[in-house]
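Encoded as structure tokens, the structure appears first; notes follow it.
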Amino acid sequence: MTSITDFENWIEMLDLEDFEEVDSLYQSVRNVSDYGEYKTIEGRSAGSYVVTASVLDVNLFLASEKARQAFLKYIESTFCEGEMEEAWYAVKRANAKDD
């Protein structure tokens, strides 16, 4: 499986539309764990991470902790209207229950 480091391009391949998908990706990367369709593991080199999505044949390689943090901030700025992801998700989930 191939890996890329351009997380903007990788996210475009995912075509994230649902707030649940955004949360699953964020939580996987934040907690370095399996979460929904996403899995984040520590890479072979110290401080690196590999993110996989069950719907893609391309992995995201985050070369450092700094890159992982930048990726999380990118998710917040791109999908969470600049809010912290947890607060944004809580509002979205509450609104979905009201429908």
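FYI, the numbering just counts along the sequence from 1.
Atom CG of N31 has more than 12 heavy atoms from other residues, nucleotides or ligands within 6.0 Å. In E20, the CD atom is crowded: over 12 heavy atoms of neighbouring residues, nucleotides or ligands sit closer than 6.0 Å.
Counting only heavy atoms from C-beta outward, the side chains of L25 and F71 approach each other to under 4.5 Å. Between L62 and F7 there is a side-chain heavy-atom pair separated by less than 4.5 Å. Side-chain atoms of E37 and V55, non-hydrogen and from C-beta on, do get closer than 4.5 Å to each other. By the 4.5 Å heavy-atom criterion applied to side chains, D23 and Y35 are counted as neighbours. No side-chain heavy atom of Q69 sits under 4.5 Å from any side-chain heavy atom of K66. Contact check for Y38 versus V29: no side-chain heavy atoms found under the 4.5 Å cut-off.
With hydrogens and angles ignored, the 3.5 Å screen pairs a side-chain donor or acceptor of S28 with a backbone N or O of T40. Put simply, the side chain of R68 gets close to the backbone of R30: a donor and an acceptor are under 3.5 Å apart. For W10 (side chain) and I4 (main-chain N/O), no donor-acceptor pair under 3.5 Å exists by modelled atom type.
The two residues S45 and F61 have their closest heavy-atom pair at OG-CZ, 4.3 Å. Contact detail for S24 and G36: the closest heavy-atom pair is OG-CA, 4.3 Å. Considering every non-hydrogen atom in both E21 and D15, the closest pair reads OE1-O, 4.5 Å. What you find for A63 and S48 is that their closest heavy atoms are O-CB, 3.7 Å.
Of the inter-residue distances, the one linking L72 atom CG with Q27 atom CD reads 9.0 Å to the nearest 0.5 angstrom. Of the inter-residue distances, the one linking I11 atom CD1 with L60 atom CG reads 7.5 Å to the nearest 0.5 angstrom. Note: Y89 OH to E83 CD = 15.0 Å, rounded to the nearest 0.5 Å. Summarising the geometry, atom CH2 belonging to W88 is positioned 8.5 Å from atom CZ belonging to F79; distances are rounded to the nearest 0.5 Å. Atom CG in D34 sits 9.5 Å away from atom CD1 in I41 (nearest 0.5 Å). Note that CG of N9 is 10.0 Å distant from CG of L14, once rounded to the nearest 0.5 Å.
Screening residues 73-82 for side chain to side chain donor-acceptor pair (under 3.5 Å) gives Y26-E76 as the qualifying pairs, with residues at least two apart or on separate chains.
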